[in-house]
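This structure is a prediction, so every number in the text was calculated from the model and none was measured.
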There are 2 protein chains.
Amino acid sequence: MHLEQYRATFAPELPQALSQLERAVFVPRKRGSTDKEIARLFPRTQEQDSLDVVVQALQGTSFSRTIQKVGVVFSGGQAPGGHNVIAGLYDALQKIAPTSVLLGFLGGPSGILEKRYLEIEKELLQKYRNQGGFDLIGSGRTKLESAADLAASLEVCSTLDLDGLVIIGGDDSNTNAALLAEYFLEHGCKTSVVGVPKTIDGDLQSEEIPISFGFDTATKIYAELIGNIGKDALSAKKYYHFIRLMGRSASHVALECALKTHPNLTLLSEECWEKKRSLSEVVEEITTLIEKRGEKGLFYGVLLIPEGLLEFLPEMQSLIQAINEILAGKGTVPASLPRPLAYLFDSLPEKIQQQLLLDRDPHGNVQVSKIETEALLITLVQRRLEEKGLFEGTFRPVSHFLGYEGRAGYPSNFDANYCYSLGTIAALLIRGSHSGYMATCRSLHLDTQKWEPKAIPITMLMQMERRKGKDKPVIRKALVDFSSAGYQSFAAKREAWKWEDDYQMPGPLQLFGPSDLVNIKPISLRQS
Amino acid sequence: MHLEQYRATFAPELPQALSQLERAVFVPRKRGSTDKEIARLFPRTQEQDSLDVVVQALQGTSFSRTIQKVGVVFSGGQAPGGHNVIAGLYDALQKIAPTSVLLGFLGGPSGILEKRYLEIEKELLQKYRNQGGFDLIGSGRTKLESAADLAASLEVCSTLDLDGLVIIGGDDSNTNAALLAEYFLEHGCKTSVVGVPKTIDGDLQSEEIPISFGFDTATKIYAELIGNIGKDALSAKKYYHFIRLMGRSASHVALECALKTHPNLTLLSEECWEKKRSLSEVVEEITTLIEKRGEKGLFYGVLLIPEGLLEFLPEMQSLIQAINEILAGKGTVPASLPRPLAYLFDSLPEKIQQQLLLDRDPHGNVQVSKIETEALLITLVQRRLEEKGLFEGTFRPVSHFLGYEGRAGYPSNFDANYCYSLGTIAALLIRGSHSGYMATCRSLHLDTQKWEPKAIPITMLMQMERRKGKDKPVIRKALVDFSSAGYQSFAAKREAWKWEDDYQMPGPLQLFGPSDLVNIKPISLRQS
């Protein structure tokens with residue numbers, strides 16, 4: 001039997017509070033006030049309380065409705081565990097409304113607009129339980145935010161007579177869920193819109209959402225590889241590995257991987273921004289590390305670089321914005337750049353210049369994730385080492401990008417259980433006619449039994465931000481918090497990691513065996 | 001407890017024939033004749049029989065010597081399981097010669113020349129049992145082949161009074177072992193030189209060596225990642241993943257990964273050579289695949305590309321050789337190239353032209369492994385799709401290189417047991433004063449208990465080849481054999497894989513759990 005079949009038979013564990021759905025009820029809990037502008041934009045959903053799931057002593061509550069039909073959709077990039085959200089949702093629906101039907105919209109939110117869906121039946125779903133990927137129904141990046149999109153979504157959900165619509169996505173997708181919820185309520189549509197926090201990036205988190213699903217598995221996969229690379233570096237003693245890590249803006253992935261593997265240097269975008277570091281300062285830090293290690297006879301190393309780094313270097317951000325504006329108009333680069341930015345642009349390797357000018361998204365913005373930051377740093381460090389002339393030895397850099405390998409892997413037991421719980425909570429929210437909520441669990445650092453399932457109004461996470469020249473309601477991206485235990489632990493140890501080669505090797509994700517191995521949790525997991 | 005500690009307590013299994021070392025004896029078996037020129041060059045070791053380990057009925061054989069001191073060295077790139085060769089060697093020595101001492105030469109063969117070593121003691125070794133990497137003693141690529149190297153090695157081994165020297169390495173390192181063995185015998189040095197077949201590339205194999213160690217684990221790690229990428233492709237439905245795989249000349253790694261994951265297209269260098277394919281033919285094949293999949297509405301895919309591909313395209317090989325010669329002399333490229341090669345050179349993307357001209361090894365040869373073949377193919381396919389204009393859709397290529405991630409991982413149980421057995425056999429060879437032998441096991445496709453430990457004279461694997469303008473005795477690199485069961489299975493299925501998206505997801509290497517999962521063997525493993 002292959003791992004695929006073994007995983008299909010894994011039975012996810014639920015928190016105690018979700019073990020008997022007929023006795024699981026929501027209890028409102030007062031939450032903090034909403035941003036004023038958000039409150040104005042979301043008059044119907046902004047005042048909702050957050051909801052804790054509790055087990056009531058006696059059965060017999062009459063719930064607000066009998067569910068007949070629910071839709072579910074994946075939005076954005078894959079994250080391990082997605083299929084388990086659907087499995088948890090399906091199983092809970094079968095328990096609380098055995099005759100209900102679950103529809104999966106195909107290819108992401110565009111499946112809603114185009115009314116493309118399939119009915120998710122027991123036998124079909126069985127093949128996808130505890131498996132990676134989003135291939136049961138696919139995903140896509142279409143946003144539902146224009147007036148026309150909202151109207152079309154309403155039309156489809158009404159025609160299909162959906163009691164609920166579960167949107168499994170990241171910050172933008174959950175923002176869309178909040179917009180839909182408000183719009184549906186405004187237009188008297190009965191469909192409850194529920195969000196589920198998905199992203200390997202880990203930037204959809206808050207006091208109420210200790211982590212988004214997928215982060216645990218993805219960082220375990222990356223850490224396996226980084227650990228192996230560290231071991232290779234230590235054995236061969238001749239390569240400097242520059243490893244860029246997926247994770248868009250925030251550096252949660254880099255931080256977690258650093259805590260798991262102890263590389264010689266980990267750049268955190270948030271620190272670079274905080275300290276207003278220039279590209280040349282970053283290059284100088286790396287160059288100095290290499291020189292000093294060289295003095296100790298160490299001509300190898302491991303460096304972690306978050307994908308979003310360049311956008312968090314103030315001067316690079318200015319350059320990128322200036323280029324965006326020039327290319328949107330009639331200017332040319334570098335001629336139309338202000339002097340200091342033109343100088344910065346000229347100092348970049350030709351390949352990076354080309355990437356800054358060519359690889360643009362549909363909105364005309366540079367696709368920063370496509371810039372090979374690790375290659376940029378290698379080139380600049382190489383140049384700087386030569387300029388300074390202090391380094392005696394051979395600098396042999398190797399570049400890596402870890403991304404797609406981690407988005408669709410078999411979910412860890414943590415993600416499998418967490419996702420299954422989130423799907424279950426989504427079913428309860430629909431049963432209770434709650435709309436504009438996101439499913440979540442607190443106390444994820446404890447045993448699964450003790451997790452505290454709950455739901456929070458999405459508006460609670462929102463604020464106004466300027467995007468593409470307009471003020472828009474969005475969910476705050478959670479950046480690395482310098483007061484968190486994870487960051488503090490990293491900050492305390494990183495100086496030693498520079499020189500002492502304390503590389504750790506977490507190894508491949510284990511799904512069987514000793515419980516302390518199969519239930520490892522993210523080191524940086526919030527204890528909230 | 002971490003995986004590292006759990007693995008340290010794993011007890012490798014030995015074949016039945018090695019279970020009682022005091023009763024394990026070698027029985028000679030007549031082997032085929034040696035290449036004439038090899039026989040001339042290796043007069044003392046060429047006529048040796050191959051040796052089967054058998055369990056003799058009664059104890060009490062007097063062995064040819066009591067071992068007092070043995071040296072061991074890693075040579076070349078890492079392969080998972082290396083530390084277990086040392087552990088098997090150490091434990092066997094402790095059993096058959098409890099007072100013996102094991103010395104590990106540091107940083108590869110240069111450690112022999114420079115007499116740099118450490119004594120491998122029980123407590124130190126304990127931390128490295130069943131762990132990845134070669135970091136206990138390091139490794140290096142120094143070759144021992146010049147007269148001076150041989151003399152220096154003799155001097156060191158004699159001074160240290162070594163009964164045996166175990167060289168853990170690939171084809172070149174084992175060639176060096178054969179040279180040393182012959183030289184030591186010629187000069188009356190008692191040190192038995194024993195080789196152990198190591199390489200993730202899988203190109204050190206024969207009828208007698210079903211596979212080199214490390215191949216199993218490395219291909220499992222790569223297949224985990226390829227499987228995850230396939231799942232990602234199937235979920236996102238918008239990327240073409242071009243995955244280059246480490247494995248130097250031969251395509252064993254690509255073939256094994258293809259059998260494990262079923263990508264849409266796998267290029268095998270050996271086939272390209274056999275069919276005398278040109279670069280443009282390869283590009284045309286990929287382009288056609290993308291066009292035809294596009295017609296079916298499929299705008300994604302997974303392609304595997306062996307690292308050594310370009311050297312196996314006859315025209316590219318000619319180009320590379322011509323460039324090597326021109327740059328060694330006074331000519332310039334492309335001016336000094338003959339017309340057809342100049343045309344080929346001009347057709348390559350600028351970056352590849354630079355790599356062909358710049359990245360050269362110490363011998364002035366192009367470092368083909370550093371050429372980003374996957375990026376080359378992407379550029380040429382992109383160009384060709386535009387030229388033909390038949391493809392309607394967006395071609396979004398993503399490039400990957402899987403290499404260093406797989407060389408130093410935790411060894412699979414297969415590699416852990418295999419390496420431990422090889423180390424044990426090496427100890428027996430030294431006890432029997434056998435020199436110029438390589439340790440191996442047949443019947444690796446059966447349960448560990450049933451493996452057939454044996455030793456073969458290294459000269460049996462050797463032939464004369466022209467290298468750097470000289471005829472040299474070398475071990476034949478084993479290329480993919482078109483008559484093998486593995487290749488035949490691949491050939492039968494690959495057409496279907498082009499269109500049917502049968503991506504398999506082997507998942508992370510499992511070290512605990514059901515025995516059919518933890519004991520998975522390479523699909524392409526020889527049943528010999």
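A:Thr217 contributes atom OG1, which lies 10.0 Å from atom CG of B:Asn228 (distance to the nearest 0.5 angstrom). Here A:Phe512 contributes atom CZ and B:Leu511 contributes atom CG; the two are 12.0 Å apart, rounded to the nearest 0.5 Å. Here A:Asp135 contributes atom CG and B:Tyr503 contributes atom OH; the two are 11.0 Å apart, rounded to the nearest 0.5 Å. A distance of 5.0 Å separates CG of B:Leu225 from CG of A:Leu225, quoted to the nearest 0.5 Å.
Listed for the B:Glu405 side chain is no donor-acceptor partner under 3.5 Å among the backbone atoms of A:Gly227. Of the possible polar contacts, none joining the B:Glu4 side chain to the A:Met505 backbone as a donor-acceptor pair under 3.5 Å is found.
Counting heavy-atom pairs under 4.5 Å between each of A:Gly107, A:Gly132, A:Ser139 and chain B puts A:Gly132 at the top. Heavy-atom pairs under 4.5 Å with chain B were tallied for A:Pro506, A:Gly138, A:Ala233; the largest tally goes to A:Pro506. Comparing B:Pro514, B:Gly133, B:Gly108 by heavy-atom pairs within less than 4.5 Å of chain A, the highest count is held by B:Pro514. Of the listed residues (B:His241, B:Lys220, B:His400, B:Met1), the one with the most heavy-atom contacts under 4.5 Å to chain A is B:Met1. Among A:Gly403, A:Ala236, A:Gly513, the residue with the largest count of heavy-atom pairs under 4.5 Å with chain B is A:Ala236. Note: B:Glu224 leads B:His2, B:Gln504, B:Glu224 in heavy-atom pairs under 4.5 Å with chain A. With chain B as partner, the option from A:Leu234, A:Leu402, A:Leu3 having the largest number of non-hydrogen pairs under 4.5 angstrom is A:Leu3. No other option in A:Ile137, A:Ile229, A:Asp516, A:Ile221 has as many heavy-atom pairs under 4.5 Å with chain B as A:Asp516.
Neither the backbone nor the side chain of B:Phe74 comes within less than 4.5 Å of any heavy atom in chain A. Only the side chain of B:Lys351 comes within contact range of chain A, with heavy atoms under 4.5 Å apart. Contacts of A:Gln510 with chain B are made by both backbone and side-chain atoms, with heavy-atom separations under 4.5 Å. The part of B:Tyr6 that comes within reach of chain A is its side chain, from C-beta onward, which places non-hydrogen atoms under 4.5 angstrom from that chain. The contact between B:Arg141 and chain A is made entirely by side chain atoms (from C-beta outward), counting heavy-atom distances below 4.5 Å. With a threshold of 4.5 angstrom between heavy atoms, B:Lys238 approaches chain A through side-chain atoms but not through N, CA, C or O. Contact annotation for B:Val518: neither backbone nor side-chain heavy atoms come within less than 4.5 Å of a heavy atom of chain A. Of the two parts of A:Phe401, neither the backbone nor the side chain holds a non-hydrogen atom closer than 4.5 Å to a non-hydrogen atom of chain B.
Within a 6.0 Å sphere centred on CD of B:Gln5, heavy atoms belonging to other residues, nucleotides or ligands number more than 12.
When all heavy atoms of A:Gly507 and B:Tyr410 are compared, the pair lying nearest together is CA-CE1, 3.5 Å. Between B:Gln78 and A:Ser235 the shortest heavy-atom distance is CD-CB, 3.4 Å.
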